[in-house]
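Start at 1 and go down the list; that is how both ligands and their atoms are numbered. Since we're looking at a predicted model, the values are computed, not measured. Any value given below was found using the heavy atoms of this structure, including those in side chains, with hydrogens, waters and symmetry copies removed.
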Amino acid sequence: MRGEGVYIWDAEGQRYVDLAGSAAVNLIGHGVAEISAAMAEQAAKVEFVHTSQFTTPVAEAYAEELLAFAGEHFRGGAVYFTCGGSESIETALKLARQYQVEIGHPERYQTLSRQQSYHGSTLGALSVSGNRRRREIYLPMLRGMVKEFAHVGMPYCYRCAFDCTDGCRNCGQQYAAELEQAIETSNGEGSNSAAAAFIFEPVSGATLGAVVPPSGYLQSVAEICRRHGVLLIADEVMTGVGRTGRNFAVDYWFGKDSDVAPDILVAAKGLSSGYAPLGAVIASRKVVDAIAAGSGAFLHGFTYNAHPVSLAAGRAVLRRVQENNLVGAADSGRAGTVAAVFKEALVRLREEEAVGDVRGIGLLWGVEFVADRASKSPFPAEQNFSGRVAAAALKRGLLVYPMQGSVDGVSGDHLLLAPPAVITPEQIAWSVDELAASIREAQLSLG
Ligand SMILES: Cc1ncc(COP(=O)(O)O)c(C=O)c1O
């Protein structure tokens, strides 16, 4: 098996175009030799030291580079490195809790989140996730957290709960108001709020398939959180490090002049483009200072925090992203980029009878399927329509990420598409033609 650019060859030599970026992981392309060289070089110097005993030059340098990449709002902050998304989410939830304790709010312990979200598979991350299929059988294990931690609605314009016709321009505010109410009632007694943090995916990931929020919504969410002393955690595991055409997706809504912004950013996946297991929690100065001025130490840790070989991979990936302007390549709003070509090609899929919606931003797109376009009624879940499309695409040498549950957690089929930013216009044209043929084939297979 091997990989190069957008291609993966399996053990039998069959070639695939990786239109899913594995699972929205790979931005720089497969088989980039300079990344494995950087990892080998680090391993030859020192493969591992424990963070209780040493920091490493690679950790120090990379943390500084990431803070600069995260932008003005994170100046003076700090980075906590882990081995992936779920570990980073656990870290962020605990960091927010400790922040509240340090500033004199021990009553704040809940992390509020959104329905139809996904934040990871460990129990803490699952308790704030809304993905019904992925958490259903674990609910008894999550007990108190699931009962107490509210999940509020999220704007999903194709199936707007308010039945609006203006692209959720106004109802974004209604969804934000739902959060404010959840914060105010979080302890059930009407006195001090028990909410420590609110976590959200700036652009919905796998669960809904690249749903972009309406304008104004995230700014209102940030203002509400600020007003109520609730930390705002942006889960950029899927969207971070260029995937959406910005360094972090939140940059679309919280530019450097914005007076509100997330307090904590979580990154994984694209951070190392999959070359090594790696995640990062990027905390703003406010959070770091509170802990420094309080107990002085974050009560948390994994053995493999800040693993030097993973950090060497991440650092080399960041250099590659910047030197090749892959964030710019992933900007679907700028004419002539591969992301703009990708967007244009995908939008044509709306001509397919089974396609209800095509949405997304940058190089993160969702294609939602419907049995009937007028009523938007989904295919019966047991038909597994998205799985059928993915299977047909696989036979044609195309890898996509099929999901179900976008309508109500069970029914509703969609694909997530997130190719490496090194994909060419020719590869895009071929892939989207094959995808269209796969959709038709899936429809025929229903009989
Ligand atoms: C938005 C988001 N958060 C968290 C996670 C969990 O990351 P990991 O699978 O690396 O633990 C994922 C994984 O898909 C994700 O998409």
Check your understanding: After noting the C-alpha distance and the side-chain angles of Ser258 and Gln219, does the key distance pass the side-chain contact (heavy atoms from CB on, under 4.5 Å) rule?
Key -> CA-CA 9 Å; Ser258 166; Gln219 289 92 335; 5.7 Å; no
Review point. For atom 15 (C) of ligand 1, which protein heavy atom lies nearest, and how many Å away is it?
Key: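 It is Val237 CG1, 3.7 Å.
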**Study point:** Nearest-neighbour protein heavy atom for atom 7 (O) of ligand 1, which is reported as residue plus atom name and distance
**Key:**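 Looking at atom 7 (O) of ligand 1, the protein heavy atom closest to it is Gly85 CA, 3.2 Å.
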**Study point:** Within 45° cone and under 6.0 Å: Arg134 NZ/CZ vs Tyr118 ring
**Key:**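 Yes, Arg134 sits over the ring of Tyr118.
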Please say whether [X] places an N or O atom under 3.5 Å from an N or O atom belonging to ligand 1.
| X | result |
| --- | --- |
| Met238 | no |
| Lys269 | yes |
| Asp235 | yes |

Point to revise | ligand 1-proximal atoms of His119, by part, heavy-atom distance under 4.0 Å | key: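 Contact part for His119 vs ligand 1: backbone (N, CA, C, O).
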Point to revise | salt_bridge(Arg319, Glu34) N-O dist < 4.0 Å | key: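 Salt bridge flag = no for Glu34 with Arg319.
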Review point. Is it true that Glu4 and Arg2 make a salt bridge, defined as a side-chain N closer than 4.0 Å to a carboxylate O?
Key: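 Answer for the salt bridge query: yes.
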Exercise for review: Considering the heavy atoms of Glu201, write down every atom of ligand 1 situated less than 4.0 Å from one of them.
Suggested key: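 So the answer, numbered in order with elements, is 1 (C).
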Practice item. Verify side-chain hydrogen bond (donor to acceptor under 3.5 Å, both in side chains) between Thr207 and Asn131, making sure each step is shown before the conclusion. Key: CA-CA 6 Å; Thr207 311; Asn131 187 305; 3.2 Å; yes
Review point. Quick one: does Ser86 get within less than 4.0 Å of ligand 1, heavy atoms only?
Key: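 Yes, that is the case, since the closest heavy atom of the residue is under 4.0 Å from the ligand.
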Practice item. Decide whether the shortest distance between a heavy atom of Glu236 and an atom of ligand 1 is less than 4.0 Å. Key: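 Checking ligand 1 against Glu236, which is what was asked, there is no heavy-atom contact under 4.0 Å.
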Check your understanding: Pick from Arg97, Gln98, Lys94: which one makes a side-chain hydrogen bond (donor to acceptor under 3.5 Å, both in side chains) with His300?
Key ->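 Among Arg97, Gln98, Lys94, the one meeting side-chain hydrogen bond (donor to acceptor under 3.5 Å, both in side chains) with His300 is Lys94.
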Practice item. Give the C-alpha distance, both sets of side-chain angles, the deciding distance and a yes or no for salt bridge (charged side-chain N to carboxylate O under 4.0 Å, His left out) between Glu236 and Arg243. Key: CA-CA 10 Å; Glu236 296 243 16; Arg243 170 60 58 199; over 6 Å; no
